[in-house]
Amino acid sequence: MTRHAFAHDAVLMMGPEADLRAPGGAVTTALCGHWEHEPPCPVAAHHTAAVRVDGEVRVHVLFATEPDREQRVRGLIDAALAAGAFAGPDGTASFWSLTSSAPGEVAPEETAHAARLTEQ
């Protein structure tokens with residue numbers, strides 16, 4: 001079955017000291033078993049970006065999977081972000097609270113990246 005690209009967006013509340021990479025580490029661990037692994041991603045090839053905007057952290061996950069696995073992947077992303085914490089490689093934990101999480105849109109500027117993910 002052919003993989004398709006999808007996006008998932010979430011909003012988190014994180015303190016200014018929290019590592020913006022932590023939510024991505026949590027998502028990668030949920031989808032791949034560990035934040036550090038050899039490709040390909042076993043569940044869904046993905047990329048996570050997080051940016052601070054007006055006191056919130058907006059998380060955007062671009063992922064590729066078979067259409068019949070889309071909801072499973074979204075559930076894993078939601079669970080990882082709802083957990084509210086992740087310890088980075090140095091052992092320092094970052095904490096957050098999940099405000100919202102929902103399917104997002106693959107932006108036009110992500111088309112090439114999405115195509116690469118579907119090939120993995």
Side-chain angles (χ1 to χ4, degrees):
M1 185 175 270
T2 305
R3 288 182 170 205
H4 294 263
F6 302 94
H8 197 86
D9 293 323
V11 177
L12 311 176
M13 297 305 296
M14 292 177 75
E17 73 291 344
D19 188 343
L20 276 180
R21 299 171 297 177
V27 168
T28 297
T29 299
L31 296 178
C32 304
H34 194 275
W35 54 266
E36 185 175 68
H37 67 89
E38 291 295 320
C41 296
V43 175
H46 65 283
H47 177 265
T48 305
V51 295
R52 292 184 191 278
V53 178
D54 298 329
E56 301 174 331
V57 173
R58 296 185 185 167
V59 177
H60 181 75
V61 182
L62 180 65
F63 66 95
T65 192
E66 295 77 10
D68 64 337
R69 295 177 66 174
E70 175 191 0
Q71 292 309 313
R72 176 175 179 246
V73 172
R74 290 188 191 283
L76 291 169
I77 292 168
D78 279 339
L81 296 175
F86 187 77
D90 67 355
T92 302
S94 290
F95 301 93
W96 62 83
S97 61
L98 178 63
T99 302
S100 66
S101 183
E105 296 291 327
V106 177
E109 63 270 15
E110 294 179 300
T111 302
H113 191 178
R116 286 191 304 275
L117 291 176
T118 62
E119 295 169 0
Q120 292 183 12

Who are the side-chain hydrogen bond (donor to acceptor under 3.5 Å, both in side chains) partners of R21, not counting sequence neighbours? D19
Partners passing side-chain hydrogen bond (donor to acceptor under 3.5 Å, both in side chains) against S100 (at least two apart in sequence or in another chain): none
Say you draw a straight line from CD of Q71 to CZ of F6; how long is it, rounded to the nearest 0.5 Å? 8.5 Å
With rounding to the nearest 0.5 Å, note down the distance linking CG in L20 to CG in L12. 9.5 Å
Which ILVMFWY residues are connected to V11, directly or by a chain of links, through side-chain heavy atoms under 4.5 Å apart? none
Mind checking who shares a hydrophobic cluster with L62, ILVMFWY linked at side-chain heavy-atom distances under 4.5 Å? V106, L117
In chain order, what residues pass the side-chain contact (heavy atoms from CB on, under 4.5 Å) check against A44, with sequence neighbours excluded? F63, T65, V73
Please list, chain by chain and in numerical order, all residues satisfying side-chain contact (heavy atoms from CB on, under 4.5 Å) with S97, sequence neighbours excluded. M13
Can you give me the closest heavy-atom contact between A45 and R3, atom names plus distance? N-NH1, 3.6 Å
Any side-chain to backbone donor/acceptor pair from T118 onto A115? Under 3.5 Å, distance only. yes
Residues passing the ring pair (Phe, Tyr, Trp, His ring centres under 6.0 Å) test with H8, sequence neighbours excluded, are none
Kindly write out the residues that satisfy ring pair (Phe, Tyr, Trp, His ring centres under 6.0 Å) with H4, not counting sequence neighbours, or none if the list is empty. none
Can you give the donor-acceptor pairs under 3.5 Å from side chains of residues 80-90 to other protein atoms, not counting sequence neighbours?
from : atom 1 : to  : atom 2 : distance (Å)
D90  : OD1    : T92 : N      : 2.9
D90  : OD1    : T92 : OG1    : 3.2
D90  : OD2    : T92 : OG1    : 3.3

Taking only residues at least two apart or on different chains, which pairs with a member in residues 70-88 satisfy salt bridge (charged side-chain N to carboxylate O under 4.0 Å, His left out)? E70-R74
So salt bridge (charged side-chain N to carboxylate O under 4.0 Å, His left out) across residues 44-59, not counting sequence neighbours, yields E56-R58
If Ile, Leu, Val, Met, Phe, Trp and Tyr residues are connected whenever their side-chain heavy atoms lie under 4.5 Å apart, and connections chain through other members, are V59 and L98 in the same group? yes
Scan residues 105-116 for pairs that pass side-chain hydrogen bond (donor to acceptor under 3.5 Å, both in side chains), counting only residues two or more places apart or in two chains. H60-E110
